[in-house]
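Numbering of ligands and ligand atoms starts at 1, following listing order. Side chains included, hydrogens not; waters and symmetry mates left out as well; all remaining heavy atoms used.
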Amino acid sequence: MKVIRTVSELHDTISRCRAEGKSIGLVPTMGALHAGHMSLMERARKENDVVVASVFVNPTQFNNAADLATYPRTEDADCRLMTDAGVDYAFIPSVEEIYPEPDTRVFDLGPVADVMEGPMRPGHFNGVAQIVSKLFDFVRPDRAYFGEKDFQQIAVIRRMVQLEGFDIDIVDCPIKRHPDGLAMSSRNVRLTPEQRAVAPAIHRILDESRSLRKHMNVNELKTKVIDEINAVPHMKVEYYEIVHPLTMQPITDWNDTNEPVGCITVYCGDVRLIDNIKYPKAL
Ligand code: PAF
């Protein structure tokens, strides 16, 4: 695997691959890689001639300075994992390389960005659109791979792709979980042993709630999930919404869509964990 640190070297490399007629898969990441990221890279490996992965902790998507400062950075370990996953090129630029001047673009992300993470993290999705559009512009991949843990982010990226007219297939990949059910996340390393021990309750309670769909209306089920998670030590739910899988708009009736998705954010101590669950009709 070759590490590339500048946009000009990335351009040269991509031009060479294109001239050879190769298809390109891109896996954008912020590093601190884990098995969830590896699954995206392995899938990209299967579906493309060339795999590019980026590792960049994008400052414009952090609305909280402490979160940016404490975001884990593990470049050596990341490079080992990317090599194992079959990545050809790791793009690991500096902040100055990506933002030689401030990015003042404001994307009209519309309703998909107006709910859940949108109001909770003002500016976050615009920052995601800024960096992902830059990466798409540099690499012009055939396919780009994103994890479904950040369910709303995928809808926002699809909207950005539509706005910018990119011809890129956005591939969403299933959440990877630890054996105890906790969704894999770079932030999990910040949990204390006590918090890590209770964190799997999020997925357990969401998973159990799937069978309650038959017996409760949307509001009752949301309230039950929130109350049960809040009763777990260290946990405080920030929001729990059950939404349409494409528009991200909260539903009020199970018949509003065939594939509702419950999206949750929970503070476990001061670590913000996100997760989601599908509520298929036939359960
Ligand atoms: O999901 C992430 O890790 C980031 O939001 C992304 C898509 C790499 C953009 O910085």
Side-chain angles (χ1 to χ4, degrees), residues 4 7 10 25-41 43-44 51-64 67-75 77-79 81-82 85 87 89-95 97-99 103 105 107 109 112-113 116-118 120-139 141 143-161 163-164 166 168-176 183-190 248 263 265 271-276:
I4 296 178
V7 174
L10 182 63
L26 172 68
V27 185
T29 82
M30 296 206 300
L33 302 180
H34 49 67
H37 297 108
M38 301 271 287
S39 70
L40 308 186
M41 292 169 190
R43 175 141 179 212
V51 178
V52 180
S54 59
V55 174
F56 180 66
V57 182
N58 173 40
T60 72
Q61 72 186 73
F62 284 81
N63 58 323
N64 175 328
D67 194 20
L68 174 60
T70 55
Y71 201 85
R73 289 155 213 255
T74 56
E75 188 181 309
D78 291 349
C79 284
L81 287 180
M82 286 188 281
V87 170
Y89 299 104
F91 179 49
I92 313 184
S94 65
V95 173
E97 186 67 20
I98 295 293
Y99 298 113
D103 190 340
R105 290 174 301 159
F107 291 81
L109 297 171
V112 292
M116 301 190 287
E117 296 294 282
M120 289 300 165
R121 303 182 69 189
H124 167 67
F125 282 137
N126 197 62
V128 170
Q130 288 175 338
I131 182 59
V132 176
S133 64
K134 274 179 183 268
L135 293 169
F136 282 4
D137 204 33
F138 299 152
V139 179
R143 295 170 203 88
Y145 296 80
F146 296 91
E148 278 188 346
K149 184 172 73 65
D150 297 294
F151 193 73
Q152 191 180 4
Q153 172 172 272
I154 298 180
V156 167
I157 289 169
R158 290 211 160 98
R159 167 74 179 161
M160 179 279 289
V161 162
L163 287 172
E164 298 294 292
F166 286 117
I168 297 172
D169 189 8
I170 303 300
V171 184
D172 41 348
C173 304
I175 300 178
K176 275 269 176 193
M184 291 192 182
S185 162
S186 306
R187 290 190 167 87
N188 291 349
V189 296
R190 294 186 45 225
M248 299 296 121
C263 297
T265 298
V271 184
R272 192 170 183 272
L273 300 175
I274 80 171
D275 203 343
N276 60 74

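- Atoms of ligand 1 lying under 4.0 Å from any heavy atom of Ile131, numbered from 1 in the order shown and given with element: 9 (C), 10 (O).
- Remark: Phe166 CZ to Met160 CE distance equals 5.5 Å, nearest 0.5 Å.
- Listed by atom number, the atoms of ligand 1 under 4.0 Å from Gln61 heavy atoms are 4 (C), 5 (O), 9 (C), 10 (O).
- Residue-level proximity to ligand 1 for Ile157 is absent, since no heavy atom of it falls below 4.0 angstrom.
- If you take CD1 on Ile157 and CD1 on Ile168, they are separated by 10.5 Å, rounding to the nearest 0.5 Å.
- Of all atoms in ligand 1, listed by their number and element, those nearer than 4.0 Å to a heavy atom of Gln153 are 1 (O), 2 (C), 4 (C), 5 (O), 7 (C).
- The CG atom of Leu273 lies 9.5 Å from the CZ atom of Arg190; values are rounded to the nearest 0.5 Å.
- The nearest protein atom to atom 3 (O) of ligand 1, hydrogens excluded, is given as Met30 CG, 3.7 Å; this is a heavy-atom distance.
- Between the Asn276 side chain and the Lys149 main chain, a donor and an acceptor come within less than 3.5 Å of each other.
- Aromatic ring pairs are classed by plane angle as parallel below 30°, tilted from 30° to 60° and perpendicular above 60°; the pair Tyr99 and Phe56 is tilted.
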